[in-house]
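Quick note on labels: first sequence line is chain A, next is B, and so on, each numbered from 1. All heavy atoms count here, side chains included; hydrogens, waters and symmetry mates do not.
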Protein chains: 2
Amino acid sequence: MSEGRGGKAGYHHGDLRNALVDAASELARGGGPEAVVLREAARRVGVSPTAAYRHFANQADLLQAVKDEGQRRLADSMEEAIAETEPPPGGDPAAAAKARLMALGFGYVRFAVTEQGMYRTAFCRVGPDREKWTHEGGAAELRPGDARSFRLLVGAMDAIDAAGAMRPGSRTGAEFAAWSSVHGLAMLILDGPLHEVPPPQRDAIVTRTLTTILDGLTV
Amino acid sequence: MSEGRGGKAGYHHGDLRNALVDAASELARGGGPEAVVLREAARRVGVSPTAAYRHFANQADLLQAVKDEGQRRLADSMEEAIAETEPPPGGDPAAAAKARLMALGFGYVRFAVTEQGMYRTAFCRVGPDREKWTHEGGAAELRPGDARSFRLLVGAMDAIDAAGAMRPGSRTGAEFAAWSSVHGLAMLILDGPLHEVPPPQRDAIVTRTLTTILDGLTV
DNA sequence: CAGGTGATGTTAATACTGTCAACATGAGGC
DNA sequence: GCCTCATGTTGACAGTATTAACATCACCTG
């Protein structure tokens, strides 16, 4: 064989599921969730449309797989942003924790802007009719990948709190306030009034929004 | 004739465009933007599918009309929320301005929760291929209704600023920070991690998020 | 007031989509 | 070596948007 990551020999593909997710992800990258059409993904993989139904319950199920992939890449982007951040001089743990939170926000928005289609897909609504064997033996209620980016945020909040920089009474629900801001900001940039704003001013607004949240949460 | 708001006598309907928008809005109310399907709207009005093309360039154009309607209703909800708010005792203009901003936020979220489908439609992406005569003689670039809710927010911010309650340097971009929070919050509630949270706790989170923003913006 | 005409609706047809049922293939265990 | 079942294929059906060609009638014009 020798075909990297499962080859497609002949009649049997060997790795159809992943191939379909890849193709569908590419569609999503270009056109968002409404662009991930099952037949087109199958076409690109070079397989008949109905073959997809051996690996996905329906189109919604395929879309969910792409969505999970999007969430994964988003979390990656946020982790990268943290990794790129060097702690501010002075060794102040509070300042470091704040800087990390800001980095998370920038990483988030950067991904949203850079990978518009994928970002939109990562947060698209997926339709209810997707039960079936998708998870029937499945574990918990929560989707696994869905949470990683959110957990990063929670961790950053905990760090700020641990450094004693959190405003009294502000810890509970702080993740939601921060997440809301950043998610809404991304939407504003992608579809809303900030759509046409050139990058420099846009970045300034992002910075101001993030600092506003930080000011509201910390002392 | 005597048929309220333009009657449908026989062959010619008389008010098809509005009738279609109404029907489509009802679809959106129930199932969000993806539920507004041209043929179904026509079916409900009792007209042939292609009749719609005499009033809309295509399905995206119809969807845009529904979206505008959604924006209108959202702005109405926010104005109602302001109207229901009595200024806090003491006659402090800063406190009154802050209270009004909070009311706007609550009105916004209330609409999002109460009218999920319509809210989602009001902020859905509408697809590019919609030029044509939709606006060809049209005025400016900006959609008119799109802005009203946003202008309400700007006004509230100005009032806070005028009352001298704005934190130094926080005025610029303040609307975006506030709007982001509230919009992201609504999304979190509709589709995200806050989906299953019971109303009481949900309201608490909303309150905390709004106060966080307020704390970040004001002195 | 007759007659033409353009806005408004209708019918028929095309090209997509998702999805199911019936059939084909061949990889791997007995 | 054969048989079985996961995996792919073909064919068909329903639903959607959209266009072209045709029908009707409200209203302006002479």
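In this structure, B:F56 places its CZ atom 12 Å from P of C:dT8, rounding to the nearest Å. Rounded to whole angstrom, the span from the CG atom of A:L38 across to the P atom of C:dT19 amounts to 7 Å. A straight line from CD of A:E34 to P of C:dG18 spans 13 Å, rounded to a whole angstrom. Rounded to an integer number of Å, the gap from B:N58 CG to C:dA15 C1' is 16 Å. Rounded to an integer number of Å, the gap from A:R54 CZ to C:dA24 P is 14 Å. Per the geometry, CG belonging to A:D15 stands 13 Å off C1' belonging to D:dT7, to the nearest Å. Rounding to whole angstrom units, CG of residue A:L16 and C1' of D:dA6 are separated by 12 Å. For the pair B:Q59 CD and C:dC16 P, the computed distance is 18 Å after rounding to whole Å.
Under 4.0 angstrom from either OP1 or OP2 of C:dA7 there lies no side-chain N or O belonging to B:H55. Within the structure, a side-chain polar atom (N or O) of A:R43 is placed less than 4.0 Å from OP1 or OP2 of C:dT17.
You'll find that the side chain of B:R39 is closest to D:dA17, out of C:dT19, D:dA17, D:dT9. Among D:dT9, C:dT10, C:dG18, the nucleotide with an atom closest to any side-chain atom of A:V47 is D:dT9. Of the candidates C:dT11, D:dG8, D:dA17, the closest approach to any side-chain atom of A:H13 belongs to D:dG8. For B:Y53, taking side-chain heavy atoms from C-beta onward, the closest of the listed nucleotides D:dG8, D:dT19, C:dG18 is D:dT19.
Each of A:V36 and B:P49 was matched to the nucleotide of DNA chain C holding its nearest heavy atom; the match closer to the 5' end belongs to B:P49.
Donor-acceptor pairing under 3.5 Å is recorded for the side chains of B:D15 and B:N18.
For A:F176 and A:F150, the ring centers sit closer than 6.0 Å to each other.
Side chains of B:E80 and B:R110 form a contact here, defined as non-hydrogen atoms less than 4.5 Å apart.
In the interface, the side chain of B:T50 is not paired with the base of D:dT19 through any donor and acceptor atom under 3.5 Å apart.
More than 12 non-hydrogen atoms from other residues, nucleotides or ligands lie less than 6.0 angstrom from CZ of A:R73. By the neighbour-count criterion of 12 heavy atoms within 6.0 Å, atom CD of A:E196 is sparsely surrounded, having that number or fewer from other residues, nucleotides or ligands.
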